[in-house]
Amino acid sequence: KNEVEQSPQNLTAQEGEFITINCSYSVGISALHWLQQHPGGGIVSLFMLSSGKKKHGRLIATINIQEKHSSLHITASHPRDSAVYICAARGEYGNKLVFGAGTILRVKS
Amino acid sequence: GAVVSQHPSWVICKSGTSVKIECRSLDFQATTMFWYRQFPKQSLMLMATSNEGSKATYEQGVEKDKFLINHASLTLSTLTVTSAHPEDSSFYICSARDPLAGGEYQETQYFGPGTRLLVL
């Protein structure tokens, strides 16, 4: 079992739909990152969470430390949101990130 | 915002040659940089942590003599794939943290655009 698990692996949505991507982790963490990787490979850091909830535009990220679970929500999805979304957990000690396998999101117009 | 560049963006080489990939932090000084490898349809795997002025810390299973890392300055880390073979073909990505960034931004990793390596 991976230390960081994401679901679903693949997600196809219609433009405008509300999207949720889930991330569960089995280790103690100091922070959880949500990353976006576009088809060309470039990676953008979307959020870093250690508690609670963060919002940036149409993106919302939440984390429940007790349940070791985080979610990334996209409201009013758009085809340009199509990408791979990756959660990564940073351990309690050190800088190393452990990555989930990623969720491939495709938003159709 | 913080920017990390990589060069080259892609490289094709013959088996047995060595390839050097550069990772630069353009607008901040990075005491620590990270090198990742990503195979098709797989997630990123940390290869090593590059520390300015000292030896890199390699992850288990990564050959330090094959993947040479040099972090000679606060803005540049290089990864050299020595005697590359077809199985080394992959997408190599670096990231860096800005230790002087305030608050939570200190923990944010900024990723380079990646380098695609194809070994024939």
Side-chain angles (χ1 to χ4, degrees), chain A residues 1-10 21 23-25 27 29-57 61 63 83-106, chain B residues 1-6 8-11 21 23 30-52 56-60 62 71 90-99 101-118:
Chain A
K1 185 171 165 53
N2 293 333
E3 292 178 319
V4 179
E5 300 242 345
Q6 281 184 243
S7 63
Q9 287 185 311
N10 291 279
I21 300 171
C23 177
S24 296
Y25 52 93
V27 295
I29 69 167
S30 59
L32 188 123
H33 298 249
W34 281 101
L35 310 172
Q36 180 191 55
Q37 185 172 30
H38 281 281
I43 293 175
V44 175
S45 181
L46 298 175
F47 293 104
M48 189 197 66
L49 291 165
S50 55
S51 64
K53 174 180 172 180
K54 286 189 176 178
K55 184 176 189 293
H56 185 253
I63 189 167
V84 178
Y85 292 84
I86 304 167
C87 71
R90 187 164 72 86
E92 290 177 298
Y93 309 104
N95 299 314
K96 190 166 76 169
L97 293 179
V98 178
F99 294 85
T103 294
I104 302 171
L105 171 66
R106 182 178 168 221
Chain B
V3 178
V4 174
S5 72
Q6 278 185 245
S9 55
W10 59 271
V11 59
I21 302 170
C23 177
T31 52
T32 304
M33 291 182 172
F34 305 90
W35 285 98
Y36 299 92
R37 180 168 51 184
Q38 185 180 36
F39 291 107
K41 299 187 186 290
Q42 295 186 26
S43 193
L44 288 82
M45 292 293 293
L46 179 65
M47 299 176 66
T49 303
S50 171
N51 303 299
E52 188 269 336
T57 305
Y58 289 82
E59 294 301 300
Q60 193 171 14
V62 178
H71 195 150
S90 188
F91 188 54
Y92 292 86
I93 308 170
C94 70
S95 73
R97 289 173 53 238
D98 181 356
E104 64 181 42
Y105 296 101
Q106 194 175 39
E107 304 303 332
T108 299
Q109 286 197 22
Y110 300 97
F111 288 84
T115 297
R116 291 200 183 279
L117 171 63
L118 177 60

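In the text below, chain A, chain B and the rest are named by the order of the sequence lines, each starting its count at 1.
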**Q.** Donor on one side chain, acceptor on other, A:T103 and A:Q6, under 3.5 Å
**A.** yes
Q.
In the structure I gave you, are the side-chain heavy atoms of B:Q109 and B:V4 within less than 4.5 Å of one another anywhere?
A. no
(Q) Less than 4.5 Å to any heavy atom of chain A: does that hold for the side chain of B:Q38, its backbone, both, or neither? (A) side chain
Q) Is it true that the side chains of B:T31 and B:E52 contain a donor and an acceptor less than 3.5 Å apart? A) no
Q | Side chain / backbone / both / neither for A:L35 at chain B, heavy atoms under 4.5 Å | A | side chain
Q. Where on B:L44 is there a heavy atom nearer than 4.5 Å to chain A: the side chain, the backbone, both, or neither?
A. both
Q. Where does the angle between the aromatic ring planes of A:F99 and B:F111 fall among parallel (under 30°), tilted (30 to 60°) and perpendicular (over 60°)?
A. perpendicular
Q | Portion of A:I43 that has a non-hydrogen atom of chain B nearer than 4.5 angstrom | A | both
